[in-house]
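Remarks on the structure that follows.
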Amino acid sequence: MDWQSDLMSPVVRDTAVTRAARRKMLTSRPIPSPTTDWSPGVAMVTPARPMLRTPGSLFRQAVTPRLNPDVSAIIATGNKSQRFTRNLDDSDWTNSILPSPRSGWADTSFTDDFTNVNSALLREDDPGESAASSLLSDFLSAFLKHSSSAVFDLLEDYHNLCLDKVEVLQKVVQRAGASSRTAGVRWILQQESSTWRLMTSLYRDRVQSALEEDIDMTVASQSEKLVVEQLFQRDAVIRQGQLVVDWLESIAKDQIGDFSDNIEFYAKNVCWENTLHALKLRRRGSVGLSIPLVTELDPDAPLRQQRPLANLDREDDTRLLKNLLTLIRAGMTEEAQRLCKRCGQAWRAATLEGWKLYHDPNMTSGLGRLTPVEGNPNRRIWKLCCWSLSEEEQLDRYERAIYAALSGNLKALLPVCESWEDCVWAYFRVLVDSLVEQEVTSSGLANQEEEPLPREYTEANWTLEKIFMELQATDSKRVLEEHGEHHHVIQRLVILGDLDGLMEEFSDWLSSSKPLPSHLLRFMTHLVLFYSSLGIALKEEVCVAVLQSYITLLIEEQQSELIASYTSQLPTALAVQRYASYLEGVSQTEQQRRALHLAADAGLDVAAVTQLVVEAVRERDGPEFTPHTHTLETNTTQDDQKKIDVIDWLLFESAHRAEALKQSNAIMRRFLAVQKHEAAKAVFSKLPADSVKEVQRQWAGLQPDTPLPAEDLNAIREHRCIQAYLEAHEAFSDWFSHSSSAPQKPVPASQAKFTERVANEMRENEYQVECTAWRGRLQVLVDEVKERVYQVLLFADGWMINTPEGEVSERSLQMALLRSLCVPRLSFLLLSVLTSSSRHQEALQLADVLAAANNHLHQVFSKEDLRRFLQKIRESSLMLLDCGLDALGYT
């Protein structure tokens, strides 16, 4: 029978005797154990609040202190704010602090109140995107709220916005399931939050370093602490390396929270109580042991005697070591020491204390009284012992890793680093540790008689670039996959300060056939804007491409309130073009008005934007001006209607009225050229009746003593020319419609009776009355057509002619073509009206008007048109001769 079956440990309570019962007790807690699933591209969550300064880090705060830093704690860390609770007993320690994209986030309990989560989100196809969509507007609000001098406050807002949204998404994930797409969205936002925190820490330090003068602050020091303080003040590499360590530790701490307070061990207050109990029983001779246990209980006994502890004590030790390493990974060395003492292993807590730099304030204070000495005067010996323990293969792998982290033994630390963050933390911790040791050694404070540190430690010569090269060459498939994840790539390049490389990555991602996640694109956009606010020059074409892609996303997501602000961040000419392109798809009047208001608030050139919108729409069929020679009216198409409606963009502001005249003239020129008179009338009717007066009034308000510019004068003149032509054409249409609707003569019935003959006579009389009225109205309309056409033919200084004539332009060429098309057309229309009304003498007078030298109207006729016109005049002359008049209509 196994010896454990005969013993009742004094520290086992109630039914917790067997291993199964013990696990049952642990799993009965409300704190969930995370799964160890992992998917590439997932990063850890960032701290919930700014990193607080603790004894474990030189720079454990968002604002890096540059004066009098406390370097008494370079490696270990102390207490931080606690947020989450997690049981890490029965899982690998690295998986315990890294959340899985398919597992629930480490909240305090699955019994949270979800009443604040909108149940409608769960009915969405993608509730994660729906819940996080407000970040688009939230980020813009934060961006507009902070001035360029408050960029780091802006980064803090970005971080907090992401973190708040992660909390909301966590509740959705817990209801919808960890395998839902919402978990992926939550995970991306965790990554982003983490990256904003890193940006805040690093660039605070970098900006402050750039603002300070490069002063040699090296002075002779008599303690390790003062030497290292000076090192951190002058060396940006070690300072920013420590910031990276702080950042990674704060992420891990935010994951695990105060889990150590929720972990129960069998052994409390007394170390290895089960082994102690067994040894006491054996000493009394009560029980014979089938397993040879240690006979002594000092810390080195298991290794020295090569004998094991009791099974339950070994389990306790394994669990304790895992948790200690987790705490050290989270920068919570003081918490690890507290846990050791609570478990009766005060000696192990003491081994975690030797890292502190030695400093005797009595050597420099000049005070009359003595003050306590700080740190470990034999720190080098302690470090060598830690190195030796980390190399001891008989020790537990987690115990070796603990002492490897304390001594800088990277080879013994990496085997327990499963994730990319763990590996980066290990490398940077060793980097900082080695730089500190080099400085202490070079200062002459190190005891030369002591055994030197291992050569693989002192000769490693780590640099930031070398660290990431080593990570890229790792054998770990998981680390390699995480190394290429978007946010890890950004974090790596930010740490290195390689902004050219960052822009190259952005360019590659944008050119990839696989679309980027919307939140990643939003992050990239605000990262580019952050660098711009700092005045850091980046590759303009890449920055423009990022902004363009994000604007496209906003358009697709119908985020109309946000588009103008981001478009205004583009170069001026491109911003106008991009916003005009967007406005082409806005058709509702209120939406158009709102879009222009947002553009003005964002600082865009609204006049240039609206002008470009109109020009783009009116030239959609091509820039060619190709008149048609057919005489039939062409119907208005859907594309034509868009050209008619586009003029509305220039009518929202009276200041754009001059441009509205010019653009409407251009649109009507094209319509008239292809015989689309109704479309041209629709454009003309869009303009307010007071447009010409409004243009003149605005100019008089600006420069009352100066006449209108020639460009505006010609636009007004052209507007009036088109108005005269449209009125003439409408008069002809009225005449033609009336002439085609002559009264129908009644047909008398044959062999009608008396009553029928009377009715026929009455109808005949009515017919005669109607004919008289019709002929009278017809003559009025003939006079109207004649007057309107003559207003065109005898237009002051010539119809469709600029005064004064400027340089030859596309507009002037179009006007000349339209003149050569419309003047003959109207002349033939008037001629047909006059001849059909037997006004042949007036038809000959029309010929005189066209032939007059001062009008130059005959010059716009082609030879064929002149031949046809003269032929019709000849016919009118013959008709006059038949009436007994001469060829010119005189007696």
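Hydrogens, waters and symmetry mates play no part in the numbers below; they use all other heavy atoms, side chains included. In this chain, residues are counted from 1 in sequence order.
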Hey, are the side chains of Ile801 and Phe795 touching, using non-hydrogen atoms and a 4.5 Å cut-off? no

I'd like to know if the side chain of Trp774 and the backbone of His738 have a donor-acceptor N/O pair within less than 3.5 Å. yes

Please list all pairs meeting ring pair (Phe, Tyr, Trp, His ring centres under 6.0 Å) that have one or both residues in residues 832-858, counting only residues at least two apart or in different chains. none

Closest contact, heavy atoms only, Leu793 versus Leu857: O-CD1, 3.5 Å

If you count heavy atoms of other groups shown closer than 6.0 angstrom to CD of Gln779, is the number above 12? yes

Within the 3.5 Å criterion, strictly below it, is a donor on Gln592 or Gln588 matched to an acceptor on the partner's side chain? no

Given side-chain contact (heavy atoms from CB on, under 4.5 Å), test Asn665 with Arg811 step by step and report yes or no. CA-CA 10 Å; Asn665 289 344; Arg811 173 178 172 273; 5.6 Å; no

Short question: side chain of Ser739, backbone of Trp735 - any donor-acceptor pair under 3.5 Å? yes

Under the salt bridge (Lys or Arg N to Asp or Glu O under 4.0 Å) rule, what do Glu766 and Arg763 come out as? Steps first, then yes or no, please. CA-CA 5 Å; Glu766 291 176 359; Arg763 285 194 292 268; over 6 Å; no

Could you check Phe506 against Cys543 for side-chain contact (heavy atoms from CB on, under 4.5 Å), going step by step and ending with a plain yes or no? CA-CA 9 Å; Phe506 281 6; Cys543 296; over 6 Å; no

Is the shortest side-chain N to carboxylate O distance from Arg657 to Asp690 below 4.0 Å? yes

Aromatic Phe828 / basic Arg868 pairing, under 6.0 angstrom, 45° off normal: yes

In plain terms, say whether Asp783 and Arg839 are close enough for a salt bridge, that is, a side-chain N and a carboxylate O under 4.0 Å apart. yes

Please examine the side chains of Val614 and Lys643, heavy atoms only from C-beta on, and report whether any two atoms are closer than 4.5 Å. no

Report, one line per pair, each donor and acceptor closer than 3.5 Å where one atom sits in a side chain of residues 566-575; sequence neighbours left out.
| unit_1 | atom_1 | unit_2 | atom_2 | d |
| --- | --- | --- | --- | --- |
| Tyr566 | OH | His526 | NE2 | 2.8 |
| Thr567 | OG1 | Ile563 | O | 2.7 |
| Ser568 | OG | Ser565 | O | 2.5 |

Nearest heavy atoms of Ser832 and Phe732, plus distance in Å: OG-CE1, 4.2 Å

So, for Arg788 and Ala728, which heavy atoms are closest and what is the spacing to 0.1 Å? CB-CA, 3.4 Å

State, yes or no, whether a side-chain contact exists between Leu135 and Phe523 at a heavy-atom distance under 4.5 Å. no

What is the distance from atom CG of Leu521 to atom OG1 of Thr525, rounded to the nearest 0.5 Å? 5.0 Å

The reported gap from SG in Cys721 to CG in Asp797 (rounded to nearest 0.5 angstrom) is 9.5 Å

Taking everything shown except Glu540 itself, do over 12 heavy atoms lie less than 6.0 Å from its CD? no

Go through the steps to decide whether Gln814 and Glu810 satisfy the test side chain to side chain donor-acceptor pair (under 3.5 Å), and finish with yes or no. CA-CA 6 Å; Gln814 290 180 3; Glu810 181 182 358; 3.3 Å; yes

Are side-chain heavy atoms of Leu672 and Leu818 found at a separation under 4.5 Å? yes

Hey, what's the ring geometry for Trp649 with Phe652, parallel, tilted or perpendicular (30° and 60° as the breaks)? perpendicular

Rounded to the nearest 0.5 Å, what separates atom OG in Ser549 from atom CH2 in Trp509? 13.0 Å

Donor-acceptor pairs under 3.5 angstrom involving side-chain atoms of residues 594-612: please list them, not counting sequence neighbours.
| unit_1 | atom_1 | unit_2 | atom_2 | d |
| --- | --- | --- | --- | --- |
| Arg594 | NE | Glu561 | OE1 | 3.3 |
| Arg594 | NE | Glu561 | OE2 | 3.1 |
| Arg594 | NH2 | Glu561 | OE1 | 2.7 |
| His597 | NE2 | Asp601 | OD2 | 3.1 |
| Asp605 | OD1 | Ala607 | N | 3.4 |
| Asp605 | OD1 | Ala608 | N | 3.2 |
| Thr610 | OG1 | Val606 | O | 3.0 |
| Thr610 | OG1 | Ala607 | O | 3.0 |
| Gln611 | NE2 | Glu615 | OE2 | 3.0 |

Is the closest basic N to carboxylate O distance between Arg620 and Glu584 below 4.0 Å? yes

Under-4.0 Å salt bridge between Glu864 and Arg867: yes

Tightest non-hydrogen contact, residues His677 and Leu726, listed as O-CD2, 4.3 Å

Is the count of non-hydrogen atoms from other residues, nucleotides or ligands lying under 6.0 Å from Gln871 atom CD greater than 12? yes

Is the number of heavy atoms from other residues, nucleotides or ligands under 6.0 Å of Arg720 CZ greater than 12? no

Taking all heavy atoms of Asn802 and all of Ser812, pick out the closest pair and write down the distance. ND2-CB, 4.4 Å

What do you reckon, is NZ of Lys872 surrounded by more than 12 foreign heavy atoms closer than 6.0 Å? no

Separation between CE of Met815 and CZ of Arg819, rounded to the nearest 0.5 Å: 9.5 Å

Are any side-chain N or O atoms of Gln591 and backbone N or O atoms of Ser560, one a donor and one an acceptor, separated by less than 3.5 Å? no

Regarding Lys662 and Glu718, does a basic nitrogen lie under 4.0 Å from an acidic carboxylate oxygen? no

Please evaluate residues Ser518 and Tyr550 with respect to the criterion side-chain contact (heavy atoms from CB on, under 4.5 Å), reporting the C-alpha separation (whole Å), side-chain torsions for both, the decisive distance (0.1 Å), and the verdict. CA-CA 8 Å; Ser518 59; Tyr550 188 55; over 6 Å; no

Show the nearest heavy-atom pair for residues Ile647 and Leu651, with the distance to one decimal. O-CG, 3.4 Å

Which of Met800, Gln791, Met668, Arg825 passes side chain to side chain contact (heavy atoms under 4.5 Å, CB included) with Tyr725? Answer is Arg825

Less than 4.5 Å apart, side chain to side chain, heavy atoms only: is that true for Leu136 and Leu140? no

Could you go through Thr552 and Arg578, starting from their C-alpha distance and side-chain angles, then the distance that decides it, and tell me whether this counts as side chain to side chain donor-acceptor pair (under 3.5 Å)? CA-CA 10 Å; Thr552 301; Arg578 189 68 180 88; 2.9 Å; yes

What verdict does the side-chain contact (heavy atoms from CB on, under 4.5 Å) test give for Ile644 and Ile667, after you've listed the backbone C-alpha separation in whole Å, the side-chain angles of each residue and the deciding distance to 0.1 Å? CA-CA 8 Å; Ile644 295 170; Ile667 295 173; 5.7 Å; no

Check the pair Ser737 / Asp734 against side chain to side chain donor-acceptor pair (under 3.5 Å), numbers first and verdict last. CA-CA 5 Å; Ser737 176; Asp734 292 342; over 6 Å; no

Approximate separation, where rounding is to 0.5 Å, of Asp138 CG and Arg522 CZ: 9.0 Å

Atom pair CG/OG of Leu778 and Ser837 - distance to nearest 0.5 Å: 5.0 Å

Please check: side-chain N/O of Asn714 versus main-chain N/O of Ala710, any donor-acceptor pairing under 3.5 Å? yes

What do you reckon, is CZ of Phe736 surrounded by more than 12 foreign heavy atoms closer than 6.0 Å? no

Can a donor-acceptor pair be found, under 3.5 Å and without considering hydrogens, that links the side chain of Ser877 to the backbone of Ile873? yes

Are any non-hydrogen side-chain atoms of Tyr790 and Leu830 less than 4.5 angstrom apart? yes

